[in-house]
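Read through the structure below, which is laid out as structure tokens, and then see the notes.
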Amino acid sequence: ASSPIDWEDDRKPRRALRDTVIYECHLKGFTAHPSSAVSSPGTYLGIIDKIPHLQRLGITAVELLPLQEFNEREPIGTDPVSGKTLHNFWGYNTLGFFCPEMTYSHRGEPDSAVHEFQEMVKQFHRAGIEVLLDVVFNHTGEGHQLGPTLGFRGFDNSIYYLLDNGRYYANYSGCGNTVNCNHPVVKQFILDCLRFWVVEMHVDGFRFDLATILGRSDSGDWIGDLSLLNDIVGDPILRGGKLIAESWDAAGMYKVGGFPTGWAEWNGRFRDDIRRFSRGDAGLAVDFARRLGGSFDLFSSKADPAPSINFVTCHDGFTLRDLVSYRQKHNMRNGENNRDGADENFSSNLGVVGDASDPTVLRDRIRRAKNMMTALMLARGTPMLLAGDELWRSQGGNNNTYCQDNDTGWLDWTPTPEGEEMERFLRMLVWLRRRHPALRRSSFVDPIGKQSSTRRDITWHGVKLYQPDWAHSSHSLALQIHGEPLNGDLPDDDFYLAFNNWSEALLFELPRAPWRRLVDTHADSPADIFEEGEAPLVGKRSYLVHAFSALVLHSPSAARVRPTPRR
């Protein structure tokens, strides 16, 4: 073996969660396409070449789909069109928990995988970007009772797996077996593994796949604070990093907001409520406001909204472009007769399935995508983006590309006008969030229920000031984010946001202030978003927000004039 890596002056960025912007990414799929133009496509070294792209976008952490050694040649099925055998692409079938995936190294050798992984981490850290690993401890690549014996099953089947009648495997994971995470031997194994990746490989944290399984007893009951989950957050090596849970599993356990202190969690309700309100569903005004205010109804046990990992798209499901281009999944080429993948995506195609040639349809789709990204980046909590959404990437309506190690699952970096427009819009939104503490507040604000502070730093409006419409029929919402700090936050400017998901334009009254227009998603690029110093002044006390559009106004703190709310 070659000599160990020289870490030089490597330092972990250790960015606060509230200041984090996560980018979820499949390492191979990110650069495997020839259009990526990197020196070593689909590898640890290849992604290094794309670090400048992530820096420009404002990303502070990459969350990489599983990189622990897995069986990348595991046959999944057959593509009914091409007749080719499909293999596991995503890697959610771990076999070597202490080994980086060898096929992702340039040289394709065990020691080179270790050293190239370490070099990747070192280069991300130099760029100020944290590296988070998606880890899979809820099941393994050994499958059910007919699966291969490759490791744990041969060591001690009854210790490492949850068994029914001593023979058949409990299947809370949906993947054939369930790891007995709270057996003392298995607990120690998982803790040792996590420490290895932190100490030897310098990673900054983890996202735990189907993490409720880590909180189940050997009988399948939820034991939360008494489980491995508490051991992880209490570990002196692990507790300083980011610990993110997918807080549900395939057996129906759903614990969003219910994990022990110290855990952040994927907020699946955020995804669903933003999608549904943005496509015009009724009855969502209150829940949409709750998501913008930090999801206090879900995360009230947390000290602040940062542990809510907000997202609109992720590897599981449609890309942002497909979310506004397809009403139903198109997974036939996965070889499972379209049975796999989520059936309810809360998506819309605006009357045309897939690619559209009508320029009106294309503009409407991009506008709705911008609306959702505006809500994501300006909501309280920690935002996560899906790799390729900024390039306006499509998977052809496939919402489960776990077996698509090809053009469907890879990012196409070929420049397009729509991709350049979306990338510019998202980049400016991300940096707007990063510049302004008011957009990353530590307090929850609930529109109608209890909240974490007696004084609100958000004022809710409707088309009339101080009159939000919480009716079932409401399709609009406005709010003012006050720069005046609470809970020790930094002082900042005021912001006014309005969302109109009604079929007609609505005239919104504006609070009294010298407002400048930062975002109007109805406007064509580049007038859809401005830098603060270039934003045009809004000279009237009202603003016409067009159908299915979002508005963001900005008022510098030095010029704030705070009116007395009407009674």
Side-chain angles (χ1 to χ4, degrees), residues 16-21 288-297 299-300 302-308 310 374-383 429-468 477-499 508-519 530-533 535 537-538 540-543 550-567:
L17 190 58
R18 75 160 82 172
D19 300 329
T20 297
V21 179
F288 180 72
R290 282 179 165 151
R291 304 308 146 236
L292 295 179
S295 295
F296 188 66
D297 57 325
F299 286 85
S300 59
K302 312 294 185 183
D304 63 80
S308 171
N310 299 334
T374 299
L376 171 66
M377 295 312 306
L378 303 187
R380 300 198 174 177
T382 302
L429 266 182
V430 170
W431 283 104
L432 177 67
R433 178 186 181 87
R434 289 187 59 180
R435 280 194 300 270
H436 287 283
L439 304 177
R440 309 189 307 277
R441 288 295 194 219
S442 61
S443 55
F444 295 94
V445 181
D446 192 273
I448 58 175
K450 296 180 179 179
Q451 55 189 34
S452 62
S453 173
T454 56
R455 187 161 58 88
R456 296 171 181 260
D457 56 0
I458 288 179
T459 300
W460 306 102
H461 301 292
V463 292
K464 300 290 186 181
L465 289 175
Y466 312 106
Q467 298 179 39
L477 176 69
L479 60 147
Q480 184 175 357
I481 301 172
H482 301 293
E484 192 174 309
L486 291 175
N487 302 331
D489 289 331
L490 295 173
D492 195 16
D493 303 340
D494 277 12
F495 291 87
Y496 174 87
L497 284 60
F499 297 88
F508 285 79
E509 292 182 354
L510 301 180
R512 187 172 45 163
W515 295 108
R516 291 188 176 273
R517 176 169 69 81
L518 294 182
V519 174
F530 291 93
E531 300 284 0
E532 287 110 310
L537 192 66
V538 177
K540 299 180 179 180
R541 291 293 308 278
S542 60
Y543 195 103
L551 173 72
V552 180
L553 306 180
H554 169 244
S555 180
S557 59
R560 273 206 309 265
V561 178
R562 200 170 303 287
T564 301
R566 300 174 190 168
R567 298 296 180 186

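Below, all heavy atoms of this structure are taken into account, side chains as well, without hydrogens, waters or symmetry copies.
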Nearest non-hydrogen partners of [X] and [Y], listed with the distance:
| X | Y | result |
| --- | --- | --- |
| Trp460 | Pro447 | NE1-CA, 3.5 Å |
| Leu292 | Leu479 | CD1-CD2, 3.9 Å |
| Leu376 | Asn310 | CD1-O, 3.4 Å |
| Pro383 | Thr20 | CD-O, 3.5 Å |
| Pro307 | Phe299 | O-CE2, 3.8 Å |
| Arg435 | Glu531 | NH2-OE1, 3.3 Å |

Whether [X] side chain and [Y] backbone form a donor-acceptor pair below 3.5 Å:
| X | Y | value |
| --- | --- | --- |
| Glu509 | Leu465 | yes |
| Arg433 | Ala379 | yes |
| Asp494 | Ser555 | no |

To the nearest 0.5 Å, tell me how far [X] [atom1] sits from [Y] [atom2].
| X | Y | atom1 | atom2 | result |
| --- | --- | --- | --- | --- |
| Arg541 | Trp515 | CZ | CH2 | 10.5 Å |
| Met377 | Leu432 | CE | CG | 9.0 Å |
| Asp489 | Glu484 | CG | CD | 12.0 Å |
| Thr382 | Leu17 | OG1 | CG | 3.5 Å |
| Phe296 | Ser443 | CZ | OG | 10.5 Å |

Between Phe495 and Leu553, is a side-chain contact (heavy atoms from CB on, under 4.5 Å) present by the stated rule, with each step listed?
CA-CA 6 Å; Phe495 291 87; Leu553 306 180; over 6 Å; no

Please lay out, stage by stage, how Arg380 and Ser442 fare under the test side-chain hydrogen bond (donor to acceptor under 3.5 Å, both in side chains).
CA-CA 8 Å; Arg380 300 198 174 177; Ser442 61; over 6 Å; no

List the steps, then state whether side-chain contact (heavy atoms from CB on, under 4.5 Å) holds for Ile458 with His482.
CA-CA 6 Å; Ile458 288 179; His482 301 293; 5.9 Å; no

Could you check if a side-chain atom of Arg517 sits within less than 4.5 angstrom of a side-chain atom of Tyr543, using non-hydrogen atoms only?
yes

Side chain proximity check, Val445 to Asp457, heavy atoms < 4.5 angstrom
yes

When you check the gap from the basic side-chain N to the acidic O, do Asp19 and Arg434 get nearer than 4.0 Å?
no

Under-4.0 Å salt bridge between Arg18 and Asp304
no

Side chains of Asp493 and His554 only: does a donor on one sit below 3.5 Å from an acceptor on the other?
yes

Take Asp492 and His436 through the side-chain hydrogen bond (donor to acceptor under 3.5 Å, both in side chains) test and state the conclusion after the steps.
CA-CA 7 Å; Asp492 195 16; His436 287 283; 3.0 Å; yes

Would Arg516 and Val538 count as a side-chain contact (heavy atoms from CB on, under 4.5 Å) if you check the C-alpha gap in whole Å, the side-chain angles of each, and the deciding distance to 0.1 Å?
CA-CA 5 Å; Arg516 291 188 176 273; Val538 177; 5.9 Å; no

Sub-6.0 Å ring centroid separation between His461 and Phe508:
no

is_close_aromatic(Phe288, Phe499), centroid dist under 6.0 Å
yes

Let's go through Leu497 and Leu551 carefully: what are the C-alpha distance in whole Å and the side-chain angles of both, what is the deciding distance for side-chain contact (heavy atoms from CB on, under 4.5 Å) to 0.1 Å, and is it a yes or a no?
CA-CA 6 Å; Leu497 284 60; Leu551 173 72; over 6 Å; no

